[in-house]
Amino acid sequence: MKSLGNIRRSFAPWADPDSKPFISFKNITKKFGDFTAVDNLTLDIYHREFFALLGASGCGKSTLLRMLAGFERPTSGEIILDGQDIAGIPPYRRPVNMMFQSYALFPHMTVESNIGFGLRQDGMPKAEIAERVRQMLKLVKLEQFARRKPQQLSGGQRQRVALARSLAKRPKVLLLDEPLGALDKKLREETQFELMDLQQELGLTFVVVTHDQEEAMTMADRIAVMSHGNVIQVATPAEIYEAPNSRFVADFIGDVNILEGKVKAAGNGRIEIAGDDFTVRTVGDAAPAIGTGAAFAIRPEKLKVSRAAPADAAINASEGEIWDIAYLGDMTVFHVRLPSGKVVKTSMLNAQREVENPIGYDEKVWVSFAETAGVVLKD
Amino acid sequence: MTKWSRFNVASVALGFAFLYLPIVLLVVFSFNESRLVTVWAGFSTKWYVSLFNNQGLMDAAWVTIRVALLSATIATVLGTMAALSLVRFTRFRGRMLFSGMVYAPLVMPEVITGLSLLLLFVAIGFDRGFWTVTLAHITLTMCFVAVVVQSRLLSFDRSVEEAALDLGATPLRTFFEVTLPIIAPAVFSGWVLAFTLSLDDLVIASFTSGPGATTLPMKIYSQVRLGVTPEINAACTLLIALVTVGVVIASIVTKRREVQRQRDEHAAFAGG
Ligand SMILES: Nc1ncnc2c1ncn2[C@@H]1O[C@H](COP(=O)(O)OP(=O)(O)O)[C@@H](O)[C@H]1O
Ligand SMILES: [Mg+2]
């Protein structure tokens with residue numbers, strides 16, 4: 001089998017100007033009374049993509065998914081699926097299936113009948129249904145539970161029945177609303193990889209809703225970060241993490257230090273920002289006007305803490321004082337107080353089991369980072 | 001367990017005596033040998049035999065059962081529909097008025113319901129008889145069904161229906177294959193309730209019935225005015241038995257679902 005990593009790396013239809021999106025939201029607005037749940041949102045999703053909608057609770061993720069499934073009607077705008085405007089198509093005729101957050105299993109049917117429900121609606125012959133149900137049970141490893149009722153299953157098993165049921169009809173698109181939300185942490189992590197393998201194996205388009213950034217980063221080809229009914233950034237997990245386009249995204253995904261300052265020089269792909277503690281020299285295509293305020297975002301693991309001043313004069317560096325230390329096992333987090341009083345967060349991987357003379361509280365240290373280690377935020 | 005004091009025992013006994021002594025007396029004297037309803041003269045089932053030979057009473061019983069079956073069934077359909085629209089379409093105009101109107105007959109004095117129906121039937125020139133009683137009973141019992149079904153629907157997970165739609169079931173098939181089976185116990189309880197209400201109604205039947213459609217309670221009531229016979233006791237005993245069975249079935253259905261659910265959940269945890 002080809003490794004997942006290789007397939008993944010070569011898969012980037014969004015970067016190809018010739019490829020056509022499979023699902024297009026065009027200027028979608030959804031209002032509930034006076035409340036705007038989705039606000040003039042435009043978004044393209046490609047065939048065979050594993051796409052994640054990520055955002056805090058209440059930002060309109062489920063509403064967006066439900067419009068795609070047909071349970072909500074957009075107030076304005078159009079949704080194109082596989083070249084067809086699906087506005088007038090009722091949910092029971094759409095080639096998409098959904099896995100519900102509550103699983104929504106039919107309590108009066110066995111696991112088998114739950115999985116076969118959609119096939120029976122299509123009038124598939126009995127023998128074929130039985131065969132397909134058997135395949136699906138095998139896929140989710142529930143063969144010995146075929147005759148049980150949903151109430152007789154554990155949470156993880158119910159989740160797999162819900163998944164099998166939504167996959168049984170081989171939909172063009174599978175929608176998953178917080179599919180792993182009800183599972184405990186360990187099971188959730190295992191299931192994330194199972195879902196990824198499944199999506200590759202079946203060659204489907206997955207749109208998954210989650211409020212868990214780690215989950216989105218693990219599974220998705222691309223992530224749309226949402227806030228208040230808007231998409232703030234759509235990009236691959238690496239881009240979202242390494243090159244957030246805004247303060248909101250930088251803050252939402254992982255930990256970040258934001259260094260404020262004024263633009264001192266810009267041009268030729270370089271930007272210089274004068275801040276209180278650092279004069280940040282970094283790379284960047286944007287050419288903001290000299291003297292305007294700018295924010296520079298840098299992740300904790302990209303800040304280096306050392307006792308000695310960095311030898312390379314070109315590197316960005318500032319003195320500071322250790323303020324707090326948190327030992328987390330795999331890494332140690334230092335909070336360093338800079339001369340201006342700002343506290344930055346840095347983290348260091350614990351590559352060795354023991355360190356001679358580790359950095360301690362109240363020590364004077366240097367904080368430094370390379371010029372490509374962070375990004376200038378656009379807003 | 002708290003200890004039962006004498007006072008507790010006495011008050012429970014008194015309460016039950018108050019409620020059930022008249023009924024027990026009636027049942028006991030239906031097996032009396034003597035024609036006198038208050039003097040015990042030995043055990044006999046002869047009044048049951050003579051009851052089954054009493055054409056008048058048997059006809060009335062047959063009318064009552066037909067009215068009860070038909071009205072309970074139609075009331076269940078209408079009551080379920082009313083409950084669905086009350087729970088599902090929460091924002092249609094005049095919903096408050098509609099729900100108030102569905103529930104009004106619950107507290108409306110039966111005399112008024114009966115009289116108003118009578119006036120209506122007279123006004124539209126509807127000949128009184130089997131059909132008018134049936135219609136009146138539908139009016140009476142429908143709201144009870146609506147209440148029972150509505151309370152079940154309030155705890156119903158809508159996403160289960162959405163899942164059915166999502167998997168390609170039309171709204172109609174979704175109702176019959178998913179919604180109805182899930183709420184079936186409540187619908188059945190509603191039906192049994194409607195059936196028993198119709199079975200023992202006297203007031204509304206008296207207003208809306210006509211010649212040839214005398215129900216059993218009406219017949220019993222009119223005969224009692226001429227004097228109580230053990231035959232009537234026997235008829236009443238059978239009626240009580242029927243109603244009791246109905247109520248017991250309805251509560252067992254409700255209870256069994258609950259027990260089954262708990263057992264299933266137990267099994268799920270144990271089975272892992
Ligand atoms: N049927 C509805 N009626 C009114 N408000 C709704 C309805 N559905 C969702 N909302 C509101 O829209 C917002 C977005 O909801 P949702 O899409 O479910 O958020 P989430 O991102 O958590 O999935 C929430 O504030 C919610 O209260
Ligand atoms: Mg949601």
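In what follows, chains are A, B, ... by sequence order, proteins preceding strands, each numbered from 1.
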With a 4.5 angstrom heavy-atom cut-off, could you sort out which part of Asp166(B) is near chain A: side chain, backbone, both or neither? both
Kindly write out the residues that satisfy side chain to side chain donor-acceptor pair (under 3.5 Å) with Glu177(B), not counting sequence neighbours, or none if the list is empty. Gln121(A), Arg173(B)
Heavy-atom side-chain proximity of Thr174(B) to Tyr92(A) below 4.5 angstrom: no
Is the number of heavy atoms from other residues, nucleotides or ligands within 6.0 Å of OH (Tyr20(B)) greater than 12? no
Taking all non-hydrogen atoms of both residues, which atom of Ala104(A) and which atom of Ala163(B) are closest, and how far apart? O-CB, 3.8 Å
So for atom CZ, which belongs to Arg93(A), do other residues, nucleotides or ligands contribute more than 12 heavy atoms lying within a distance under 6.0 Å? no
Part of Ala184(B) within contact of chain A (heavy atom distance under 4.5 Å): neither
Please examine the side chains of Phe106(A) and Leu167(B), heavy atoms only from C-beta on, and report whether any two atoms are closer than 4.5 Å. yes
Using a cut-off of under 4.5 Å for heavy-atom pairs, which of Pro171(B), Ala169(B), Pro181(B) has the most such pairs with chain A? Ala169(B)
Of the backbone (N, CA, C, O) and the side chain (C-beta and beyond), which part of Arg165(A) lies under 4.5 Å from a heavy atom of chain B, both, or neither? both
Contacting moiety of Leu105(A), where chain B heavy atoms sit under 4.5 Å: backbone
Distance-only check: which donor-acceptor pairs under 3.5 Å involve side-chain atoms of residues 77-88 of chain A, not counting sequence neighbours?
from, atom 1, to, atom 2, distance (Å)
Asp82(A), OD2, Lys172(A), NZ, 2.9
Asp85(A), OD1, Ala87(A), N, 3.0

Ignoring hydrogens, what is the shortest heavy-atom contact between Pro107(A) and Val160(B)? Give both atom names and the distance. CD-CG1, 4.5 Å
Any idea which of Arg94(A), Met98(A), Met109(A), His108(A) has the most non-hydrogen atom pairs under 4.5 angstrom with chain B? His108(A)
